[in-house]
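The first residue in the sequence is number 1, and the count goes up from there. Here the structure is a predicted model, which is why all the values come from computation and not from measurement. Values below: all heavy atoms of this structure, side chains included; hydrogens, waters and symmetry mates excluded.
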Amino acid sequence: MIHKYDMGVIGNCSYLAYINTKADVKWMCLPRFDSSFLFGSLLDEEKGGHFYIQPENDRYEQKQYYIENTNVLCTEFASTEGRFRIIDCAPRMTIHERQFKPMMLIRKIEHLSGTPVIKVRCDPRGDYGRIVPEIVTGSNHIRFLNLSSQVRVTTDVPINYILNERAFVLDQNRYIVLTYGEPLEAPLEETAEDFIHKTIRYWQGWVKTCYIPNIYQEHIIRSALVLKLHQFEDTGGIIASGTTSLPEFHESSRNWDYRFCWFRDAYYTLRAFNQLGHFEELERYFDFIQNILQNAGDNLQPLYSITGEKDLEEVELDLNGYLNNRPVRIGN
């Protein structure tokens, strides 16, 4: 039997997030691909924290899909009470001829029909689950303290419903914006809608400039969009994967941290971009390699961090692991 991860992937070339079909953020590391997770229940349900938006009733149907030709993810729920969907967006857009990619996750709760009763939980963690943040509330936001930077949720959902995981009736669209570092000070709904619209337009424009053959177009486009998310645009480095410690096969103990840049893996990614007619990614990677060569001395190693560091100490973490697959490793 072939194992399948029931998750979608979003990102903006600054961070990645893996969101399962129950609209729970199972894995999200900030501020870099190789940083500690903010949400990491993919590797430990208890210590990993959660960020989900779900029906209160356990009897529901759900489906997950992307807005066409984008990395904007939708998770749709239907129950006897009604229907709603979560639109998850990692904002990315062009402003003043530069790429704007804030450390921000926008979650739009879109009311579709009926009066669905939903619950929201936002419970981040720091230092790979070792830090449970202190919570401070404002009139329309929640701040999570003692993490590596300021983490804030700004929302028009009553914050006590989130803090107490109390179910409430969804009778209109709602918005939740999680920020890392710089908080959202602009109008919530207007900004969320504007960023979602511009992010959709960016990705569809990116796809429009791809050279796509006449066969398997849908599959090629989806693969290209996902590959694009794995380039850390700040330096040009391309990671093999956004996760760590997912086993090569169940109970194999071959659980490695793949959030690093292998020359071998990057070659195939860059070849795909080249065949698609996208050359900016190649140019950025050449800058990354040039800086590695500048500091390499007489020897090159097979992999480096996304910022070119070569000393990548491997550490085992006290986490349960994906489906209890241990050890859980960071570093390589």
Side-chain angles (χ1 to χ4, degrees), residues 1-30 33-55 58 60-78 84-92 104-110 120-125 128-129 176 178 199 203 218-219 221-231 239-250 255-259 319-325 328 330:
M1 179 179 178
I2 298 175
H3 179 76
K4 179 182 178 182
Y5 297 101
D6 291 327
M7 292 180 288
V9 185
I10 66 170
N12 62 5
C13 300
S14 285
Y15 79 89
L16 285 164
Y18 293 69
I19 301 168
N20 72 1
T21 54
K22 296 183 178 181
D24 192 3
V25 181
K26 300 294 289 182
W27 184 257
M28 186 169 78
C29 300
L30 288 169
F33 296 154
D34 54 359
S35 299
S36 169
F37 61 72
L38 202 60
F39 302 103
S41 60
L42 184 66
L43 297 183
D44 195 304
E45 287 288 333
E46 181 180 346
K47 297 179 182 177
H50 289 272
F51 188 8
Y52 62 67
I53 304 165
Q54 298 171 359
D58 291 335
Y60 58 82
E61 296 179 352
Q62 84 272 9
K63 61 180 179 179
Q64 193 172 67
Y65 53 92
Y66 291 93
I67 293 177
E68 188 176 13
N69 293 344
T70 77
N71 282 313
V72 178
L73 184 69
C74 299
T75 310
E76 190 171 321
F77 295 93
F84 68 98
R85 71 173 180 172
I86 313 304
I87 300 175
D88 281 308
C89 174
R92 180 179 173 87
M104 176 187 294
L105 169 61
I106 298 174
R107 313 200 76 183
K108 177 183 178 181
I109 312 172
E110 185 175 33
V120 178
R121 178 181 178 183
C122 185
D123 186 22
R125 293 290 186 267
Y128 290 103
I176 303 175
L178 181 141
T199 301
W203 287 119
E218 182 180 347
H219 303 83
I221 289 171
R222 177 52 46 203
S223 297
L225 285 165
V226 171
L227 284 177
K228 172 69 173 174
L229 296 182
H230 288 72
Q231 182 167 48
I239 56 172
S241 175
T243 57
T244 180
S245 301
L246 298 185
E248 291 187 7
F249 56 92
H250 189 53
N255 315 331
W256 313 114
D257 191 347
Y258 284 112
R259 298 173 298 164
L319 298 173
N320 288 334
Y322 179 76
L323 298 180
N324 294 317
N325 278 268
V328 175
I330 58 172

Non-hydrogen side-chain atoms of [X] and [Y] separated by less than 4.5 Å:
X	Y	answer
L246	L42	yes
M28	I19	no
V328	N255	no
D88	V25	no
V9	Y66	yes
F39	L178	yes

Q: For the pair F37 and W27, name the ring-plane relationship: parallel under 30°, tilted 30 to 60°, perpendicular over 60°.
A: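 The arrangement is tilted - the two ring planes meet at 30° to 60°.
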Q.
Using 30° and 60° as the class boundaries, would you call the ring planes of F77 and Y60 parallel, tilted or perpendicular?
A.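 Perpendicular: the ring planes of F77 and Y60 meet at over 60°.
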Q: Please assess R107 against F51 for the test side-chain contact (heavy atoms from CB on, under 4.5 Å), listing each intermediate value before the final yes or no.
A: CA-CA 10 Å; R107 313 200 76 183; F51 188 8; 3.5 Å; yes
Calculate, to the nearest 0.5 Å, the distance between atoms [atom1] and [atom2] belonging to [X] and [Y] respectively.
X	Y	atom1	atom2	answer
N71	L229	CG	CG	4.0 Å
L43	N325	CG	CG	10.0 Å
K22	I86	NZ	CD1	14.5 Å
T244	R259	OG1	CZ	5.5 Å
N320	S41	CG	OG	11.5 Å
K26	Y322	NZ	OH	9.0 Å

Q: Please check if the side chain of H50 supplies one atom and the backbone of E45 the other of a donor-acceptor pair under 3.5 Å.
A: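 Confirmed, H50 side chain pairs with E45 backbone.
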Q.
Tell me if a side-chain donor or acceptor on T199 pairs with a main-chain N or O of R92 at a distance below 3.5 Å.
A.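 Yes; judged by distance alone, with no hydrogens or angles, the pair exists.
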Compare every heavy atom of [Y] with every heavy atom of [X], then report the nearest pair and how far apart it is.
X	Y	value
L319	Y128	CD2-O, 3.8 Å
M104	Y15	O-OH, 2.7 Å
E76	Y65	OE1-OH, 2.8 Å
A90	N12	O-CB, 3.7 Å
S35	L30	CB-O, 3.2 Å
K47	D44	N-OD1, 2.9 Å

Q. Should N20 and Q64 be marked as a side-chain contact (heavy atoms from CB on, under 4.5 Å) after you check the CA-CA gap, both sets of side-chain angles, and the distance that decides it?
A. CA-CA 8 Å; N20 72 1; Q64 193 172 67; 5.7 Å; no
Q. Is there a side-chain contact (heavy atoms from CB on, under 4.5 Å) between I10 and L105 once you walk through the steps?
A. CA-CA 9 Å; I10 66 170; L105 169 61; 3.5 Å; yes
Q. Take atom CD in E248; do more than 12 heavy atoms of anything else shown fall under 6.0 Å from it?
A.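 Yes - once you tally the heavy atoms of other residues, nucleotides and ligands closer than 6.0 Å, there are more than 12.
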Q: I would like to know whether I67 and W203 meet side-chain contact (heavy atoms from CB on, under 4.5 Å); could you show each step before the answer?
A: CA-CA 10 Å; I67 293 177; W203 287 119; over 6 Å; no
